[in-house]
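As structure tokens, the structure follows; a few thoughts come after it.
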Amino acid sequence: MSEEMKTTNMEEESEAVLDEEMDIRVNHTYDDSDIQVLDGLEAVRKRPGMYIASTSSKGLHHLVWEIVDNGIDEAMAGYATTVTVSVDKDNIVTVEDDGRGMPTGVNVKTEKSTIETIFTVLHAGGKFGGGAYKVSGGLHGVGASVVNALSEWLEVSVYHEGCEYYVKFVNGGHAVKPLEMVGKCDPEKHGSKVRFKADPTIFTETTVYEHEVLRDRLRQLAFLNKGIRLVFNDERHENPEKRHYEFMFEGGLREYVKFLNKNRSVVHPDIIYSEGHEKGIQVEVACQYNDGYNPNVYTFCNNINTAEGGTHEEGFRMALNRIINRYARQKNFLKEKDDNLTTDDCREGITAVISVKHPDPQYEGQTKTKLGNTEVRKTVSDIFGTQLERFLMENPDQAKAILDKVIVASQARMAAKKARESTRRKSALEISSLPGKLADCSSKDASICEIYIVEGDSAGGSAKQGRDSHYQAILPLRGKILNVEKARQSRAFENAEIRSMITAFGCGVLNEVDTSKLRYNKIVIMTDADVDGAHIRILLLTFFYRYLRPIIEQGYVYIAQPPLYKVQKGNTVRYAYTEGQMERVRAELGDRLSIQRYKGLGEMNPEQLWETTMDPKNRTLIRVNLDDAEQADQYFSIMMGEEVEPRRNFITENANFANLDI
Ligand code: TSJ
């Protein structure tokens, strides 16, 4: 493609911003567009929340993904093999690909280099390359200019036909000088490189990237884009072995499912795999059954995790149900008089990853992570259904293992239903009176109400006495709650603790969850700061994840942080919540301290519990997000599973998980 054509395409993309105001001016000058552009970047800096998720740690990482997406697009278009992300000691990020190199010509409308335009005009970028649509990003595809606006400085280098081009932006997006050729490079070298330092005046919470967050997402991107090499260099890591990772999966989602099931016992050896495309929609699905009871289905559109599911997941369910029932009838697993297997029967213990690439995705749902495009349902159902049927036909032994499993699931479901009907006991979904153990709050305004889930009666007692009963409710739980990972639904609904929580929350359960009916807008898990406490927290999170997922997705769940130490010197009393804080308090107050290490919430009197853990003025609540729940799920399958080896590895690798104090 000629330089001119590139810039023409570029113009189309920048129209959204430059259109009216520039075209009405007959003799617009360089300065006009300059002001225009900087107004745009200024708007981003003033209200960053409009352009990125937040200015917290999440938003910070968003900057990296925004840039990485561009490199992945170049690789998906077939022009690059590798995208490298490096973080240096000062948390400066470098992203580099070995693609064609961004166009180095001048844009006729802005009279600036295309590169400067990409990095300074809002929404420029994206589809400016020859017709191929941008599949990565999408949900947060806000463009490189937003990253530039939110950086203290940002540098771009392009390597193309033996030349290196360079431009640097400072102070929230101003080019120091126009793009220039700065030297020669190896004529074999080609690609684009972006280096930037997040602006600490915008990212006031933190400008430190999390190693695990970057590593895990890059690994996931490698699973989702088979054949692309994703390299991660983290200079900061104290362990030299963890400073360099390379992810490349020729098997794509096959390898993703294998990875997800690695700590579980699988029911059949081979992963069921399908891929294909129809009407411009690309589909890839992989799945495999394990001996657990819950489905683990992860869905993506354009590399974005669609946590609320949507039409691609519906298509998958439809095909799974249709093909398994057909096969079951054909091979006499089901007799003529038998009812069909339900979708839930067919999903018990399945690990599946569904990934679609769509040129025009529509996102719906509370958190805009539910795919809405209706045509995707049939596309996924057709492509996956064909391949699933073929797998069953070609692998009768594995098909039998799968059918045996889903038939048992269906029998268990029917037995539970019968038992329920014969005892005529109300199901957990229908109970109306609040549980007796609940010390409710007096306010009925859910927006201010909080419920503390507390382990043990003694801590529950302190919490009841210490709370502000106007808006704080206490639900004490006795001992450990049921491990829902190891129990079928019917057993979970018989569990007293589980029933109390469902009725106290008031928002329904499973498919029927309606968070507008939640009686408390903060659900706070308050457990001891020890191993048992961590276990109970995991059990609760797993229950929420499996039965009340939207309350996690929508951010209603919190973890209370009780202090580890009380430090006293004369009349001064201080609390330390971490070992680090303890060290600082020690340094500050000097010696002759009286130090109490809290072993459990029960050791605190009601006033202390209020002051340190429940009073909004002093307390620290950690909001749980879905990543934590997925991690909890992994953790759970490991800690409670039959496999010993992964458990040992996990404990040594993740000694800190969920503040676990092993
Ligand atoms: F490396 C990176 F990830 F940091 C990054 C790569 C960041 C950004 C903002 C862009 C890129 C990038 C862009 N890599 N490769 C490209 N490709 C183009 O801009 C390009 C080059 C040539 C043509 C053509 O049609 O000739 C089309 C495009 C889109």
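Atoms within a ligand are numbered from 1 in the order they appear, just like the ligands themselves. Only a predicted model underlies this, so the values are computations on that prediction, with no experimental measurement involved.
- Summarising the contacts of atom 4 (F) of ligand 1 with Val64, Thr114, Asn148, Ile67, the nearest heavy atom is found in Ile67.
- Glu275 has no carboxylate O lying under 4.0 Å from a charged side-chain N of Lys357, or vice versa, which leaves the two without a salt bridge.
- Remark: the backbone N or O of Arg100 is paired with a side-chain donor or acceptor of His160 at under 3.5 angstrom.
- Heavy atoms of Tyr79 stay at 4.0 angstrom or farther from ligand 1.
- Two rings, from His312 and Phe300, have their centers 6.0 Å or more apart.
- For Val83, the closest heavy-atom approach to ligand 1 does not fall below 4.0 Å.
- At least one heavy atom of Ser192 sits less than 4.0 Å from an atom of ligand 1.
- Here Asp199 pairs with Arg45 in a salt bridge; the nearest charged N to carboxylate O distance falls below 4.0 Å.
- For Met102, heavy-atom contacts with ligand 1 shorter than 4.0 Å involve the backbone as well as the side chain.
- Residue Phe119 approaches ligand 1 through these ligand atoms, each under 4.0 Å from one of its heavy atoms: 9 (C).
- Residue contact annotation: Gly101 has a non-hydrogen atom under 4.0 Å from ligand 1.
- Side-chain contact annotation: Asn373 with Thr311, donor-acceptor N/O pair under 3.5 Å absent.
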